[in-house]
Amino acid sequence: MSSTPNPTFDAVLAAAKAGDSIAFEQLYRMLNRRVASFAAARRAADPEGVVNDVFIRVFKNLPTFEGDQDRFIGWVFQIARNRLIDETRHRQRRVDELLLAEQPTTQALVAVDDEALSQIESERLLGQLDCLTDDQRDVVLLRVVADQSLEVVAASLDKSVGAIKSIQRRAIRTLAREFEEIVPEAVSR
Amino acid sequence: MSEFDVSPFEMDDNSLSETDIEAVLAGDQTAGPDALHDLISGLRERFEASTDVPVGAALAEFIDVVDLTTTSTHTESRRNRKMITGIGTFIATTTGKIVLGTTVAAASMGAAHAVDMVEMPGLPESSAEVIVVDNSEDSEETVPTQAHDESNAMEDEDTKEDETEEVVIKEEAIEKSDGEDSEGEGTKDRNHGQMISEFATSTELEGCEKGQAISELASSKHDDEDQDESDDAEEEDENDDEDELDDDSKDHPCKDDDLDHESEDSDHEDEDEDEDEDHEDHDEEHRGNGKAKGKSNKPDHDDDDDDDVDES
C-alpha cells in the first residue's frame, strides 16, 4: 500500500464522514476482503461476522476519525485486532480443535473430505506461528495475509514504523530459527 | 553446526538487511530458508479472500446494498447517477439548451391551447366540448362535431362563429319548444335558406326534433309574415269559436266549422229571417266561400250579436 497522499481517497473519506452511503460502500469494498483474511488467519470462528462488526464500528466512529489513507486502514485493522482479541479470550471450546490440529500427520483418519483437509493444512501453517508473540504474529499476518505496508501496520498496532521493523525482524528470525532447528540437524550430520 | 555456532539469522541485525526481510515477506524464494518461503506462500494462498464479504442487516443501515456479491443495486445506482450526470452535461451544452427550450415552449403552447388562450390549427378545438347544454333526453353532445363541421364548411370566419352561435341558439329554441322568432331576427341579413339547409344537413338531431328544429328555424323568416298573420287569424278564430261555445248553446250555427256553415246556410236563412237584410251579403259569401265567410263574419258576427240584442 502506498503511503503517498491520495486525493481520491480523501474525497471518499470526507463524503463518508458526511454520511454518504456510497462512500461507505467504497470504503467497505476497499478493505472487507483483507479484513476477512486477517480474521481467518487469526482463527476467527466467523470471519464474515467479524468483518461486519468491524465496519459497523468504523462507520459509527467515522466522524471522529482524523488522518490519511494509511492511518485509516491502520485504524480499521486496529479495530479488527481488538475484536479478535476479545473473541480469543472468550474462546474455550476451540481448545479441542487446536489439539486435533496438532497431530494430523500421526493420526490415522478413515474418511476426510476436502474441506477438512484444507482446514487441517491451514491449521498446520498457523501452528508454525504459535512460536511468535502476539505482536510478531499480527505483524507477520498483516504484512503477508492483509498485504499492508509498514505504515499501516504501525497504525494498527499503534507503534512507530521503526518499532514495527524491529518486531518483524525478530519474527522472521524466530521463524527461521524454528526451521533451522531442522536444517542444522541435517547439516551437522 | 555445533550448539555454539550462530546461524546468520541469529546474528546481529546489521547482517540482515531490511531488503532481505522485505524480500522474504514478499515471497522471494532466493532469500531465507525454503521452509520460511513455504510458510509465507502458504499463508497467502490459504487465507487470501477472493470475494467480497456479504453485508449483514446491521451494516446495511450504512450501506444501501444488502449483498455486494450481486452488485445489481450498486450498479443500478451508479448507472442512475451516470445517467443523471450525462443528462446534466448534455443540457449544459448549446444543443441541449436548444432542445430543452423547444420542449418547454411546445409544452407551454399545448397547455395554452388546452385552456383556450391560444388557438393552434393542428390541435383539436377544446372549445367544441363546451356549450350547448342539451337537456334533452337523447343529447349526444354532437354540437362539438357539428360546430366543427360547420366551421369547416364556411369560408368566412365571422360567419363561422355566427353559424355556431346560431346553431346553439336554435337548439336552445328547440328545448324551449316555443315559436319565438325574436332570436331569429339576427339572420335577417343572410341567406336564410342557406342557413336552414346547412343546419338541416349538419345537425345531429333526428326525427321529430330535427323537423321541429328546422321548422322553428324556417318560421323565423320575414317573408312568411303574411302566412303568420293568417295562421294567427286562424288561431284567433279557433279561440273565438271556443269562447262562443262556452257562452251559447252548442247548436248555434256560427259555432260550427266552415263546412257546417256552408251546409247550414239555409238554416241561417230559416232561423234568422228577421236578419236577412243584414245577412244577405253574408249569405252569398257563405255560399261562395266558406273561408271568406268565416273571416268576414268576424265583424258581422259581432253585428249579428248586436242585432239579436236589438231585436230581442
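So that the names make sense, note that chain A is the first sequence line, chain B the second, and so on, each numbered from 1.
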OG on A:Ser21 to CD on B:Glu61, rounded to 0.5 Å: 12.5 Å
Note, B:Leu25 side chain near A:Ile172 side chain (heavy atom, < 4.5 Å): yes
Gap between atom CG of B:Leu36 and atom CZ of A:Arg173 - 0.5 Å precision: 13.5 Å
B:Asp38 and A:Leu125: CA distance, side-chain angles, deciding distance, side-chain contact (heavy atoms from CB on, under 4.5 Å) verdict: CA-CA 9 Å; B:Asp38 294 337; A:Leu125 291 171; over 6 Å; no
B:Thr51 OG1 to A:Glu48 CD distance, which is reported to the nearest 0.5 Å: 7.5 Å
Residue pair A:Leu126 / B:Leu43, side-chain heavy-atom distance below 4.5 Å: yes
Residue pair A:Ser118 / B:Arg46, side-chain donor-acceptor N/O under 3.5 Å: yes
Side chain A:Asn52, main chain B:Gly56, donor-acceptor under 3.5 Å: yes
Output a table of donor-acceptor pairs, distance under 3.5 Å, between side-chain atoms of residues 55-65 of chain A and any protein atom two or more places apart or on a different chain; print 'none' if there are none.
from    : atom 1 : to      : atom 2 : distance (Å)
A:Asn61 : ND2    : A:Arg57 : O      : 3.1
A:Thr64 : OG1    : A:Asn61 : O      : 2.7

Student check: side-chain heavy atoms of A:Val35 and B:Val53 closer than 4.5 Å: no
side-chain contact (heavy atoms from CB on, under 4.5 Å) against A:Asp20, all qualifying residues, sequence neighbours excluded: A:Ala15, A:Ile22, A:Ala23
More than 12 heavy atoms of other groups within 6.0 Å of B:Glu48 CD: no
Toward chain B, the part of A:Gln128 with a non-hydrogen atom under 4.5 Å: side chain
Expected output: side-chain A:Asn32 to main-chain B:Pro54 donor-acceptor under 3.5 Å: no
Under 3.5 Å: donor-acceptor pair, side chain of A:Tyr28, backbone of B:Asp52: no
Worked verdict on A:Gln168 versus B:Ile21 for side-chain contact (heavy atoms from CB on, under 4.5 Å): CA-CA 8 Å; A:Gln168 71 178 11; B:Ile21 294 174; 3.9 Å; yes
Any donor-acceptor N/O pair, A:Arg33 side chain to B:Ser50 backbone, under 3.5 Å: yes
Interface moiety of A:Val144 toward chain B, non-hydrogen atoms closer than 4.5 Å: both
Region of B:Glu22 in contact with chain A, defined by heavy-atom distances below 4.5 Å: side chain
CZ (A:Arg71) with more than 12 external heavy atoms under 6.0 Å: no
A:Val51 and B:Leu59, any side-chain heavy atoms less than 4.5 Å apart: no
Side-chain donor/acceptor of A:Ser37 to backbone N/O of B:Phe47, under 3.5 Å: yes
